[in-house]
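Everything below concerns the one structure shown next.
Lettering of chains follows the sequences in order, A, B, ..., and the numbering in each one begins at 1.
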4 protein chains.
Amino acid sequence: MMEGLNKVMLIGNLGADPELRATPGGKAVANMRLATTDTWTDKAGEKRERTEWHRIVVWGKLAELCHQHLTKGRQVFVEGQLQTREWTDKENRKNFTTEVIATQVTFLGQRPDQRSADPTRTGSRGAATQEPASDGQPPPMDDADVPF
Amino acid sequence: MMEGLNKVMLIGNLGADPELRATPGGKAVANMRLATTDTWTDKAGEKRERTEWHRIVVWGKLAELCHQHLTKGRQVFVEGQLQTREWTDKENRKNFTTEVIATQVTFLGQRPDQRSADPTRTGSRGAATQEPASDGQPPPMDDADVPF
Amino acid sequence: MMEGLNKVMLIGNLGADPELRATPGGKAVANMRLATTDTWTDKAGEKRERTEWHRIVVWGKLAELCHQHLTKGRQVFVEGQLQTREWTDKENRKNFTTEVIATQVTFLGQRPDQRSADPTRTGSRGAATQEPASDGQPPPMDDADVPF
Amino acid sequence: MMEGLNKVMLIGNLGADPELRATPGGKAVANMRLATTDTWTDKAGEKRERTEWHRIVVWGKLAELCHQHLTKGRQVFVEGQLQTREWTDKENRKNFTTEVIATQVTFLGQRPDQRSADPTRTGSRGAATQEPASDGQPPPMDDADVPF
DNA sequence: TTTT
DNA sequence: TTTT
């Protein structure tokens, strides 16, 4: 019996191809950037639009499936939960990053285009790094973050 | 017809009484901290528990209702959408804070205890401030953030 | 402040073009049949699949938009609430039909095919009927069902 | 990767204590009736209220937990999926009943009152029956309905 | 900083 | 048949 509810549901488009890594302990993890667009008519009758960008984290077999089948621009449905990580940047300052840990990813719309055979596009890296975050980006997740 | 979906649903307990402010333009806005607790049994058969803290923002009449009826510890259901704000701290560094903009708040469980007549507990402050954020806290929202 | 939560979220494909009618009082209402498909691997390692059919009801301007833009086979996201109607059939027996009253409909995937200029495909019928249900179908909704 | 989405989320009160049975094959299954109440202000400014009743089905260990801890009147959150069953009544007529197959049930609010020691209140019945439905009620689920 |  |  769960104690609470922490549920996120998103439909949007990927801002880039998923990035697949492995934790030092060997768990697959994929990161995706997802844009959701909200459109409405304001009081002045003007059409308005706002895009929100979300950081999606996918673990395990689902991460591999996302890397195999999803590409930039693809429309997806994501179900998951919110998680905020604290990390320390190069200036030794605390930063907080909120991510959606996905438990379900559904590919929407048409079959994806065939994956290009781009040799620079690699999946699980041989050496997933945990070096201090640079340029204001949150560091990759590691085995302490594995949720299972 | 909406273009995407950006939906959050939470059930948890308030970490503190809601804080009610007014934007310079006079819009009521309440901030609440909500804890959702996840419990599960890990592979070793151990009971595990994780608490996640969420920043909830409520606008308008709903903000006032939350301030009137909700107190620290109260269990609530929140429905809303994710929004990430960028802000600049005292050292002129960019920070990002993700919040849940609530569209529905449901009071769960028993009626709240009678509100204490604590004279220090005030609602809409006479002077909502917009000074640069201090001590790593995101600044209050202002009229540019009003979603209606 | 809402008292409870009654929320349905579906992603599936339309089994037929939406049917648009008007209530006797002139409100637009569209009916759609939506299939959601669930796939999983059973204990024996077999791929299993189950399709569930849902009755979707859409009111007002959204009903007209659905009729204009959606066609059989189209993938959609539906958000709404459950409602069970009681109706009496020709043998004077009570029947119950559960429908999803949609508050949001999102068109997923590719732009719809151009609507065929089929002259038999008509929208709001001149004469929306309320005659007793025949052949086991629930009767059309009427103005008593208008939710606004 | 799921093909679609079929999600229901409800917050309401139980109309009666959960009824626990076992299928002929020995699976625990609980049935609950849940009321969700919707309140709104209509165009004339009148307070309006509508209550919707839902049929909840819970399987396995979660069914047993619900039977142990939930009683009439208790407020709960239910997450699950819609399923419509077809069944034949005594007059050999087809009937359809839509149920919510719960995957999560959260007990909301205060701890439940201590369970009364009513000796007539029994849990899993020694003999779960499958006789043809009487008085317009859908028949109990059986092993063909077990979702796992 | 909540709650069980 | 629940609850506020």
Side-chain angles (χ1 to χ4, degrees), chain A residues 1-6 82 84 86 96, chain B residues 10-19 30-41 47-56 65-66 68-78 99-100 105-113 135-137, chain C residues 1-6 82 84 86 96, chain D residues 10-19 30-41 47-56 65-66 68-78 99-100 104-113 135-138:
Chain A
M1 209 70 44
M2 66 176 174
E3 302 281 310
L5 176 71
N6 176 353
L82 285 174
T84 298
E86 181 183 326
F96 295 89
Chain B
L10 306 170
I11 294 175
N13 297 278
L14 296 183
D17 291 349
E19 291 177 21
N31 290 273
M32 309 194 290
R33 295 289 273 155
L34 183 73
T36 57
T37 300
D38 207 13
T39 57
W40 74 102
T41 307
K47 273 274 175 108
R48 300 285 300 280
E49 177 179 309
R50 179 167 37 206
T51 291
E52 190 67 32
W53 285 96
H54 309 272
R55 294 179 180 275
I56 313 296
L65 286 168
C66 288
Q68 282 164 36
H69 296 110
L70 293 179
T71 47
K72 175 177 172 174
R74 191 68 197 276
Q75 189 183 37
V76 295
F77 167 81
V78 170
E99 295 162 309
V100 175
V105 178
T106 300
F107 307 159
L108 301 177
Q110 75 295 343
R111 295 295 100 234
D113 298 319
D135 64 304
Q137 290 302 106
Chain C
M1 209 69 48
M2 66 176 172
E3 301 281 311
L5 176 72
N6 175 355
L82 286 173
T84 298
E86 182 183 326
F96 295 88
Chain D
L10 306 170
I11 293 175
N13 297 279
L14 296 183
D17 290 349
E19 291 178 21
N31 291 272
M32 308 193 291
R33 296 288 273 155
L34 183 73
T36 57
T37 300
D38 207 13
T39 56
W40 74 102
T41 307
K47 272 273 176 111
R48 299 285 300 279
E49 176 178 310
R50 179 167 38 206
T51 292
E52 190 67 31
W53 284 95
H54 309 270
R55 293 177 181 275
I56 312 296
L65 286 168
C66 287
Q68 281 164 36
H69 296 111
L70 295 179
T71 47
K72 175 175 172 175
R74 192 69 198 277
Q75 189 183 38
V76 294
F77 168 80
V78 170
E99 293 161 309
V100 175
Q104 286 283 6
V105 177
T106 299
F107 308 160
L108 301 177
Q110 74 297 341
R111 296 294 101 233
D113 297 320
D135 64 305
Q137 291 302 105

Have a look at Gly73(B) and say if it touches a base, only the backbone sugar-phosphate, or nothing, with a 4.0 Å heavy-atom cut-off.
sugar-phosphate
Could you tell me the separation between the CG atom of Asp17(D) and the C1' atom of dT1(F), rounded to a whole number of Å?
11 Å
Partner set under side chain to side chain donor-acceptor pair (under 3.5 Å) for Glu52(D), not counting sequence neighbours:
none
Can you check whether Arg50(B)'s main-chain N or O pairs, donor with acceptor, with Asp38(B)'s side chain at less than 3.5 Å?
no
To the closest 0.5 Å, what do you measure between CG (Leu5(A)) and OG1 (Thr36(B))?
8.0 Å
Starting at atom NZ of Lys72(B), determine the distance to atom P of dT1(E), rounded to an integer number of angstrom.
8 Å
Quick check against the 3.5 Å criterion: does Asp17(D) have a side-chain atom that pairs as donor or acceptor with the backbone of Lys72(D)?
yes
Is_stacked (Trp53(D), dT1(F)) at 5.5 Å, 30 deg:
yes
Counting heavy atoms from C-beta on, name the nucleotide in dT4(F), dT2(F), dT2(E) closest to the side chain of Ala35(B).
dT2(E)
For Gln137(D) and dT1(F), give me the distance from atom CD to atom C1', rounded to whole Å.
12 Å
Grab the CZ-C1' distance between Arg50(D) and dT4(F) for me, whole Å please.
17 Å
Ignoring hydrogens and angles, does a donor from either the side chain of Thr51(D) or the base of dT2(F) sit under 3.5 Å from an acceptor on the other?
yes
Report the residues that fulfil salt bridge (charged side-chain N to carboxylate O under 4.0 Å, His left out) with Glu86(A), sequence neighbours left out, ordered by chain and then residue number.
Lys94(A)
Side chain of Glu49(D), heavy atoms from C-beta onward: which of dT3(F), dT1(F), dT1(E) has the nearest atom to it?
dT3(F)
Which part of the nucleic acid does Thr36(B) contact within heavy-atom distance under 4.0 Å: base, sugar-phosphate only, or nothing?
nothing
Atom CD of Gln75(B) and atom P of dT2(E): how far apart are they, to the nearest Å?
15 Å
Atom pair distance, as rounded to whole Å: CG in Asn13(B) and C1' in dT1(E)
11 Å
Whole angstrom value for the distance that separates C1' of dT4(E) from CG of Leu108(D)
13 Å
Whole-Å distance separating the CZ atom of Arg74(D) from the P atom of dT2(F)
17 Å
